[in-house]
Protein chains: 2
Amino acid sequence: MLNPTAVTRSSNRSAGNAERAAGFPARGNRGAVTVREAARTAARCSSCSMRQICMPQGLSAQELPKLETLICSARSVPRGEALYRSGDRFDSIYALRSGSMKTVMVHRDGREQVTGLRLAGEPLGLDGISADVHACSAVALEDSTVCIVPYGALKLLCREIGSIQERMHKLLGAQIVTEAAQMMVLGSLSADERVAAFLLDVSQRNAQRGYSWSEFNLRMTREDMGSYLGMTLETVSRTLSRFQKRGLIDTQGKHVRIVDLEGLRQV
Amino acid sequence: MLNPTAVTRSSNRSAGNAERAAGFPARGNRGAVTVREAARTAARCSSCSMRQICMPQGLSAQELPKLETLICSARSVPRGEALYRSGDRFDSIYALRSGSMKTVMVHRDGREQVTGLRLAGEPLGLDGISADVHACSAVALEDSTVCIVPYGALKLLCREIGSIQERMHKLLGAQIVTEAAQMMVLGSLSADERVAAFLLDVSQRNAQRGYSWSEFNLRMTREDMGSYLGMTLETVSRTLSRFQKRGLIDTQGKHVRIVDLEGLRQV
DNA sequence: CGGTGGCTTGACGTCGATCAAGACATGTGG
DNA sequence: CCACATGTCTTGATCGACGTCAAGCCACCG
C-alpha cells in the first residue's frame, strides 16, 4: 500500500505557487529532521493541508520517518474537474493543499446538491470509508492541488502511532459534527440566516488558516451556494444584495468583504 | 482506561426484558467461548446492538477475550430522558440495545432541531469524538437501554485488532454518509418527498434489523418528525393524511403501515 | 465580435408556515 | 369512578417567504 516512489516525487517537486500558497516547507532533508525542527515545521505549517492528518506535533523522533512514508504523492485538479466521483472505488483520502473544492451528491432522480465546501487544509474523501465507494463527487472550484493519502497505509499507521489514530478519529468526528450543523442550518434557518451563517462559516475558516476573516473570494457560483444552502440562486443573490444595502457586507461578484461582523451574526 | 469491574457487572446482570428484546446472549461463560460459538452468537445477534461495533465475525479465538473487556456495562434510559446532553464531556460511545432515541442539536438562539433517529442496533455518541464534548443531546423516545463502550478502551482495542479498527472507521464513515444524505433531503426535496423518504428510511432500517418493513411504530411525535425533516408538525400531519387518502400508507397515531411501497418510492 | 455563463432585479404564483379550533388519548388527583 | 389538565394529532383558513419565470447586464473568451 505504501508507495516509496511517491515520496521521492514529492521531495523532488520544486516549491511552486501552490506550494507557497499552502505554506508547505521543502522536505528534502529527511535524515536531519529533529524533534525541535519538527515542531518548527509544524508551526510554519499553520495552514498546511497535512496538519489535520499528519499532526507532526507530539510525535517522537523515530516516528517522524514513518510519518513520511504516508505523505505520498500530490495531484493537481483543474477547475471544474472531479478529484473523485460518486461511485468511484475508495482507496485514498485527500488533503486539500491549495485551492478549493465542493462535494456534490446526486439523488437517483438526477437532482444534485452541494453537500460541502472544502478550503485549503481540509480533508476530502472521507465519504468513501463506509462503503469502499465514494458517496459524493469532489469537484474543484478553482485549480487545486491535493495530497493523496492511501487509506490502507493510513490505517496501518493509525495502529502504530496513537496520535495519528487520534487525529484520524477527530477528523472523522469533526465531519460528523460539521454536517450535523449544516442539517441544522438547512432545517431551521430562514434564507437570510442561512446566507449569514454561510458567510460567517467561511470567514471563520479563513481566519483559522491565517487569512483574512473580513475579505475573501467565494469561488462557488450563486447556484452552488444556493444548492448548498437549500435555496435558489436568485434568493442567494437577492439576499446578498439586501445585506449590502444594510451595510453588512460589500460584494462584487465572487469577492466578499464583511463590513459588520456583529450585524451579520444577528441575522 | 479499561474497567474490569464493569465486565463483572455486565456478566452478572440477568437477562431481563430488554435483554431478550435485543437478542443478546447470556454472557456468563466467558472462558468457554469458542470460535464456533462466537459465530453462532454473531448469527443470533442479527439485531444485536454490539454487532456494528464489536463485529465478532472474523475474530480469532485469542482476540475474543480482548473483545469482552470492551463490552462493559449497560444503562437504561427512561423515555424522555437524555443519555447525554450537548456539552457533556465525551468519554464513551454507546450502542442502542433496545428502544429508540433522537439526537438533538440546539442553536445558540435556543431553537432546537432533531438531527437523527437511532433504532436498536445503531451507534450513538460519535458526535463527541471531535471535541471531547458532545455536540448533540441524545434523548430516549421510549424506555431504552444502551451498551456503554468506553472510548479510551475502544481506541486501544482498535490498535490491537485491525478488524475492530476497520469497523470503527466504517461506523464513523457511515454516519458521515447518512448525514450527507439527510442534508440532501433537507436541501432538495419537497415536503411530500421528505416524509416519503423518511418513512422509507425507517422501513428499510427496520427490515435490516429483521423486523417488518411494512409495519412499525414511529415513536417520534409529529413535532419531532417535522423538526428532523425541516417542516412543521402540521405539514407532517397533513402529508401523512394525504398519503393515507392516496392509499400509500395506513396510519393511526404513531403506528404506520406501508401499503404501497412502490408508490411511496415515487414521491 | 457574438456567444456563453454568471449575476441581478422584477413580477407573480405557490408551497408550506402560521394561527386557530376542536378531537382524542393519557395521566392525575379527588 | 369521574373531572380535569395536558400533550398530541388533525383539519381549516389565511398569509408570507421563497420559488419560478423572465428580462437585461456584465465579464470573459474563443
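Labels below follow one simple rule: chain letters A, B, ... track the order of the sequence lines, proteins then strands, and each chain is numbered from 1.
- Applying the 4.0 Å criterion to OP1 and OP2 of C/dC7, one finds that A/Lys254 has a side-chain N or O inside that range.
- Rounded to whole angstrom, the span from the CD atom of B/Glu142 across to the C1' atom of D/dT8 amounts to 17 Å.
- The distance from atom CD of A/Glu223 to atom P of D/dG19 is 13 Å, rounded to the nearest whole Å.
- Residue A/Arg238 places no side-chain N or O under 4.0 Å from the OP1 or OP2 atom of D/dC18.
- Residue B/Gly226 is classed as having no contact, given no heavy-atom separation below 4.0 Å to the nucleic acid.
- Between B/Glu122 and B/Arg97, none of the side-chain N atoms (NZ, or NE/NH1/NH2) sits under 4.0 Å from a carboxylate O, so this pair counts as no salt bridge.
- Between A/Leu233 atom CG and C/dT9 atom P the separation is 13 Å, expressed in whole Å.
- When the P atom of D/dC18 is taken as reference, atom CZ of A/Arg242 falls 8 Å away, rounded to whole Å.
- Within 6.0 Å of atom CD in A/Glu223, 12 or fewer heavy atoms from other residues, nucleotides or ligands are found, so the atom counts as exposed in its surroundings.
- Between the CD atom of B/Gln252 and the C1' atom of C/dA23 there is a distance of 15 Å, rounded to whole Å.
- Checking D/dT20, C/dG16, C/dA17 against every side-chain atom of A/Glu234, the shortest atom distance belongs to D/dT20.
- Taking for each of B/Lys245 and B/Arg79 the nucleotide of DNA chain D with the nearest heavy atom, the 5'-most of the two is the partner of B/Arg79.
- Each of A/Asp91, A/Asp127, A/Asp88 was checked for a side-chain hydrogen bond (donor to acceptor under 3.5 Å, both in side chains) with A/His134, and the lone residue meeting it is A/Asp127.
- B/Gly230 comes within 4.0 angstrom of sugar-phosphate atoms only, judged by non-hydrogen atoms across all strands, and of no base.
- What separates CE of A/Met231 from P of C/dG16 is a distance of 17 Å, to the nearest Å.
- A/Tyr211 has its ring centre no less than 6.0 Å from the ring centre of A/Phe216.
- Taking only side-chain nitrogens and oxygens, B/Ser241 never comes nearer than 4.0 Å to OP1 or OP2 of D/dT10.
- A/Met225 has its CE atom 9 Å from the P atom of C/dC7, to the nearest Å.
- In terms of phosphate contacts, A/Ser237 brings no side-chain nitrogen or oxygen within less than 4.0 Å of OP1 or OP2 of C/dT9.
- With C/dT8, C/dC7, C/dG16 as the choices, the nucleotide that has an atom nearest any side-chain atom of A/Thr221 turns out to be C/dC7.
- With salt bridges taken as basic N to acidic carboxylate O contacts below 4.0 Å, none links A/Arg79 and A/Glu142.
- Atom P of nucleotide D/dC9 and atom CZ of B/Arg219 are separated by 13 Å, given to the nearest angstrom.
- Base engagement by A/Thr232 is indicated by at least one non-hydrogen atom pair under 4.0 Å involving a base atom.
- Contact annotation: B/Thr235 reaches the phosphate of C/dA17 (side-chain N/O to OP1 or OP2, under 4.0 Å).
- Residue A/Leu240 is out of contact with every strand shown, counting any heavy-atom pair closer than 4.0 Å.
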